[in-house]
Amino acid sequence: MYAQMVKTDGARVRSLDEMDPVERAFQERIDAGQKIEPKEWMPEGYRKTLVRQISQHAHSEIVGQLPEGNWITRAPTLERKAILLAKVQDEAGHGLYLYCAAETLGVSRDEMYEQLHSGKAKYSSIFNYPTLSWADIGAVGWLVDGAAIMNQVPLQRCSYGPYARALVRICKEESFHQRQGFDILMNMVKGTPAQKALVQDALNRWWWPSLMMFGPSDDASVHSAQSMAWKIKQNSNDELRQKFVDQTVPQAEYLGLTVPDPDLKWNEEKGGYDFGEPDWSEFFAVIAGNGPCNAERLDARKKAWNDGEWFRDGLVAHAEKARSRRQASRIAAE
Amino acid sequence: MGAAQQTSTAENAALFEFLLRMGDNALILGHRVSEWCGHAPALEEDIALSNTALDLIGQTQLWLGLAGEVEGRGRSADDLAYLRDGLDFRNVLLVERPNGDFGKTLMRQFLFDAWHYLLLKALKNSSDRRVAEIAEKALKEVSYHLDRSRDLVIRLGDGTAESHRRMQAALDELWPYTGELFMGDAPDASVAADGVAPEPASLKKPWDELVAETLEEATLKTPADGYMQKGGKRGVHTEHLGFILSDLQFLQRAYPGGTW
Amino acid sequence: MSSEWPLWEVFIRGQHGLNHRHVGSLHAPDAEMAVNNARDVYTRRNEGVSIWVVRSSDITASTPSEKGPLFEPSNSKVYRHPTFFDVPEEVGHM
């Protein structure tokens, strides 16, 4: 998931009876499936939670450019290069749509960047893992985008209008991403034994981090319950993880790969796979900043921002000069 | 081999050489520009620059694809891009210059775009229909590249004192690499004689005018034409190309015969 | 921190003959660059033939609390919508 463990305010979900009339009317609109639009009244907790969730989602998109961008100059054919570049460019676009959605809630993009750069805001744990071979580019598209889609498709129906609309646009573009990843792997497993070994190695490294993307079980989480009541979260983490495993295992079999989980087996009764527990201590270590690439990722973002300051300022200065010149010539003409 | 056949072989070799130059310029500049993806100073610029790189990669496929066809030895665009060594690359030195700061990247783009635009406009009337067709498609893309790089050069030249200083420094550093764009040699003379492409020198005057006009608006000082670096067009490159190729060609070299 | 590029709303005409439709927003130092950026950001998949941009701060919007009085009157004028009228089948397509 691109937004993990988003905290809400408040200790528990309140019932309609406990709410004042304004909040109650708000909740009833959400219950009736209506969209909340910018500048309409909303509880402060709803606004703050959405800012956290949408900005974390946006940060994940732009930090997510880095592990894949890592291979643009090394893509193996001209066509693969163009496809990968278009894909990573789309991630920038997704980040942009999401930042704009968050901006409708009264926070600026620069403020959100500031929070990312200072480490105050998080982004998805998955992008702190390295892309070590070309097969990783396939695996990221297949597994990471696949996991993201699981979450983003239901979120297109979320209660906040600008977020829902951004996600509609994103989902339209995202299915291309997963397919291009799977396509890379389909080609590689048909290639030389060395290529096939790269693909298995990529699955071995990306399988568990992909399952961790959904976050730890949140069945008992008050944050999760509140977000669901607000319809800014639609499914529990475990539900989505199960759906992901059920969808992905047959695809791995199609590729002739072994999923690196000794506990994985089909459960006829529940109509889904049983599978092992991810190493949550690793997940929390990565979230805390100790993943293999946390420092590089954040440094790259900060460098891009700091090195670009003169450029952004230069353009602002020019726009101001041009405006005052236009004004002066208008006055002179009058 | 008869005399007529010999002539056509020589003409074919010149055409092949010309197409490699077109393709390699697009390939190497596209490579450089794509290095920015994820690292540009603003999201909007990141996305815009990737569009430029995508256009250039697409043009590479067309030019090198045609080059392989003309050569007639069964080499594809990918074979030409991924399996030639530096000595066989024919791009001008300008496009392999490192990105530097964003200003230098934009200045390199502008100096190249202005030339690229004028050349493609002429190539639309090429006597070789295949060349004319590629030029027509590429010209639409490159017109926009030029609009954009020209606009940004003007804005940054006439922006803050710092942006002005950086743009002037970029211009001064890159200027000695612009001369090569207009130097002709035997293959150039051959394709020009056949009406395939214009003589490189014929583009110098319109380029000078376009560039001077832009730089004036940007409040930048056009450097004098002094000593000009050259060599790329005949395979004598800067040290940078080897590193570009070691990135570009890594997978094809490390996994020969692979399926991608 | 230096000043942030202003926010622009982007409207795109998807095909000849259609209205411009709001597609999203972006940041740019001025209107000309906002148009360029809109082309690069919002028409990556051939989505448009014409682009409008307007500074977000220049948009005057109805305030949500007026939503009732502004829109409810037209809600009651159902005859404005063609589906209000029953056309007998014999009449054919109208």
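Treat the numbers as computed from the prediction; the structure is a model and nothing was measured. Proteins come first, then strands; the chains are lettered A, B, ... in the order of their sequence lines, and each starts at number 1.
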Please look at B:Leu49 and chain A and tell me whether the side chain, the backbone, both or neither of the residue comes under 4.5 angstrom of a heavy atom of that chain.
neither
Please state whether the side chain, the backbone, both or neither of B:Ala40 comes within less than 4.5 Å of a heavy atom of chain A.
backbone
Backbone N/O of B:Arg97 and side chain of B:Arg32: donor-acceptor pair under 3.5 Å
yes
I need the single residue from A:Glu68, A:Glu173, A:Glu174 that forms a salt bridge (Lys or Arg N to Asp or Glu O under 4.0 Å) with A:Lys87. Which is it?
A:Glu68
Consider only side-chain N and O atoms of A:Asn204 and A:Gln200, and report whether a donor and an acceptor are under 3.5 Å apart.
yes
For B:Ile47, which atoms come within 4.5 Å of any heavy atom of chain A: side chain, backbone, both, or neither?
both
Using non-hydrogen atoms only, which part of B:Gln249 is less than 4.5 Å away from chain A: side chain, backbone, both, or neither?
neither
Name the member of B:Leu152, B:Leu54, B:Thr160 that forms the most heavy-atom pairs with chain A at distances under 4.5 Å.
B:Leu54
Tell me which of these, A:Gly314, A:Ala75, A:Ala322, has more heavy-atom pairs under 4.5 Å with chain B than the rest.
A:Gly314
Is chain A contacted by the side chain of B:Gln61, its backbone, both, or neither, given a heavy-atom distance below 4.5 Å?
both
How about A:Lys172: does its NZ atom have over 12 heavy atoms from other parts shown lying under 6.0 Å from it?
no
Does B:Phe18 offer a backbone N or O that forms a donor-acceptor pair with the side chain of B:Arg90 under 3.5 Å?
no
When the 4.5 angstrom heavy-atom criterion is applied to A:Leu66 and chain B, the contacting part is side chain
Does any heavy atom of chain A fall under 4.5 Å from the side chain of B:Ile154, the backbone, both, or neither of them?
both
Main-chain N/O of A:Leu167 paired with A:Gln152 side-chain donor or acceptor, under 3.5 Å
no
What is the ring orientation for A:Tyr113 with A:His117, classed by angle as parallel under 30°, tilted 30 to 60°, or perpendicular over 60°?
parallel
Between A:Cys293 and A:Tyr129, the two heavy atoms sitting closest are SG-C, 3.9 Å
Report which part of B:Asp247 has an atom under 4.5 Å of a heavy atom belonging to chain A: side chain, backbone, both, or neither.
both
Can you tell me which of A:Ala194, A:Ala86, A:Ser133, A:Gly64 forms the most heavy-atom pairs within a distance under 4.5 Å of chain B?
A:Ala86
With a 6.0 Å cut-off (strictly less than), is the heavy-atom count around NZ of A:Lys321, excluding the residue itself, greater than 12?
yes
With chain A, the option among B:Ala77, B:Ala53, B:Gly159 that has the most non-hydrogen atom pairs under 4.5 Å is B:Gly159
Toward chain B, the part of A:Glu79 with a non-hydrogen atom under 4.5 Å
both
Judged by atom type as modelled, is there a donor-acceptor pair below 3.5 Å linking the side chain of A:Asp183 to the main-chain atoms of A:Arg179?
no
Does B:Glu71, at its CD atom, have more than 12 non-hydrogen atoms belonging to other residues, nucleotides or ligands within less than 6.0 Å?
yes
Between A:Pro76, A:Gly138, A:Ala319, who has the most heavy-atom pairs with chain B when the cutoff is under 4.5 Å?
A:Pro76
Would you check if the side chain of B:Arg130 reaches a backbone N or O of B:Leu66 as a donor-acceptor pair within less than 3.5 Å?
no
Option in B:Glu162, B:Gln252, B:Glu44 with maximal non-hydrogen atom pairs under 4.5 Å from chain A:
B:Glu44
Whatever's closer than 4.5 Å to a heavy atom in chain A on B:Phe102 counts as both
Among A:Val63, A:Ile184, A:Ile62, A:Leu198, residue most engaged with chain B (heavy-atom pairs, under 4.5 Å)
A:Leu198
Donor-acceptor pair, distance only, cut-off 3.5 Å: does the side chain of A:His59 make one with the backbone of A:Tyr123?
no
A:Arg74 versus chain B, the contacting section by heavy-atom distance below 4.5 Å:
both
With chain A as the partner, which of B:Leu248, B:Asp101, B:Leu251 has the greatest number of non-hydrogen pairs under 4.5 Å?
B:Leu251
Tell me, out of A:Gln195, A:Arg301, A:Gln65, who's got the most heavy-atom pairs with chain B below 4.5 Å.
A:Gln195
Side chain, backbone, both or neither: which part of A:Leu185 has an atom under 4.5 Å from a heavy atom of chain B?
neither
Given the options B:His31, B:Glu45, B:Arg166, which has more heavy-atom pairs under 4.5 Å with chain A than any of the others?
B:Arg166
